[in-house]
Amino acid sequence: MNKKRLIIAMTGATGAIYGVRMLQILQTLPYWESHLVISPAGLVNLKYELEMDRAELYRLADVTHGINDIASSIASGSFKTEGIIIAPCSMKTLAAVAHGFGDNLISRAADVALKERRKTVLVPRETPLNLAHIRNMAAVTEMGGIIYPPMPAFYNKSDSLRAMVDEGVGRILDMFGIEVEGLYKPWNGLNGEVE
Ligand SMILES: Cc1cc2nc3c(=O)[nH]c(=O)nc-3n(C[C@H](O)[C@H](O)[C@H](O)COP(=O)(O)O)c2cc1C
C-alpha cells in the first residue's frame, strides 16, 4: 500500500497540543504516514504544556526526523509528500520559512514544500503581531503557503479547550483531504433564523 506522507513539524510557540492532536489523528488513518520533526524549543513547550517528553511524542509518529538531520529524506524534493503542517509555528520559524532560510530541518522541509508547490500550512501563534510578523506571513502567502492562525470560531460554542483545538485541527486536515468526523461542526447556515 502506497501511503500518503504528511510532515508534522512542531516548534517553540505555545500550542504543542495542535501538533500532538494531528499526530494522534494520523495514527488512526491507515493510508497516511506521518513524518515528525520537532525543534528544541518545541520540546520545551511540549514538556511544559503537556508533560510529554520526546519519547512519548515519537511514539505518535510513523517516522521521526532529527531537527539537525539536514540529510534526512524530507530535506529533499525527490522524497514525495503531500506537504507540511508547522503546528505550532513560532515567529522565528515563520521568519525562516518566509526568507527561505533553511538552517534546520523544519525550515528546510518547508522550503522544499514551497519550491515543489506542495501544501504548506503554518499555524503561527503570537499576539499582538509586529510588522515583521505580518510581513513574514504575507511573504509565505505570496509563495503559496497557507497561514492558519489557531483562532476558534465562537459560533461553535465549544465548551472545552480540546474542542477548540480539534476544530482547528479538523479544518487544517480537511485541506489535505483528510476528513475525520467529530472533530468540528461545519457551518451549515442558520436555517432561516436570521431575516
Ligand atoms: C513557554 C514558551 C512559550 C512561547 N510561546 C511562543 C509563541 O507563542 N510564539 C512565538 O513565536 N514564540 C514563542 N516562544 C519563543 C520561542 O520558543 C523561541 O522564539 C524559539 O527560539 C523558537 O524556536 P523554534 O522556532 O526553532 O522552535 C515561547 C517560548 C516559551 C518558553
Side-chain angles (χ1 to χ4, degrees), residues 6-23 34-58 60-61 63-75 81 83-115 118-143 145-153 158 160-169 171-172:
L6 181 56
I7 303 167
I8 303 293
M10 297 173 61
T11 72
T14 179
I17 187 68
Y18 279 92
V20 166
R21 286 295 291 142
M22 284 173 193
L23 290 169
S34 63
H35 285 252
L36 166 69
V37 52
I38 183 167
S39 70
L43 283 170
V44 171
N45 275 8
L46 183 76
K47 188 82 196 160
Y48 188 70
E49 294 179 357
L50 302 176
E51 285 161 33
M52 206 178 203
D53 62 18
R54 184 201 297 264
E56 284 172 275
L57 181 73
Y58 274 18
L60 299 177
V63 184
T64 58
H65 304 264
I67 185 74
N68 292 316
D69 185 5
I70 219 67
S72 168
S73 54
I74 59 172
T81 72
I84 181 169
I85 303 171
I86 308 181
C89 183
S90 74
M91 294 300 106
K92 180 204 138 192
T93 293
L94 166 70
V97 175
H99 294 273
F101 189 67
D103 70 329
N104 66 30
L105 189 59
I106 294 178
S107 45
R108 171 62 187 166
D111 201 46
V112 166
L114 287 170
K115 85 182 172 74
R118 294 177 189 152
K119 200 152 275 176
T120 305
V121 181
L122 273 56
V123 184
R125 221 300 322 176
E126 190 51 278
T127 195
L129 299 168
N130 67 32
L131 190 54
H133 303 152
I134 293 167
R135 285 192 171 133
N136 288 337
M137 289 187 207
V140 170
T141 304
E142 281 164 354
M143 286 190 279
I146 296 172
I147 299 293
Y148 189 105
M151 295 181 188
S158 303
S160 69
L161 199 56
R162 165 74 175 262
M164 284 187 180
V165 168
D166 275 2
E167 178 208 322
V169 167
R171 290 186 61 177
I172 293 163

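All residue numbers in this chain count up from 1 along the given sequence. We count ligands from 1, going down the list as the structure has it; atoms in each ligand are counted the same way.
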Pair D111 + K115, salt bridge at N-O below 4.0 Å: no
Approximate separation, where rounding is to 0.5 Å, of R54 CZ and L57 CG: 9.0 Å
Separation of T11 OG1 from I86 CD1 (nearest 0.5 Å): 7.0 Å
Closest contact, heavy atoms only, I67 versus S39: CD1-CA, 3.9 Å
For ligand 1, the residues whose heavy atoms come within less than 4.0 Å (ordered by chain, then number): T11, G12, A13, T14, S39, A41, N45, S90, M91, K92, T93, R125, E126
V37 side chain reached by N104 side chain, heavy atoms, under 4.5 Å: no
Heavy-atom neighbours of L161 CG exceed 12 at 6.0 Å: no
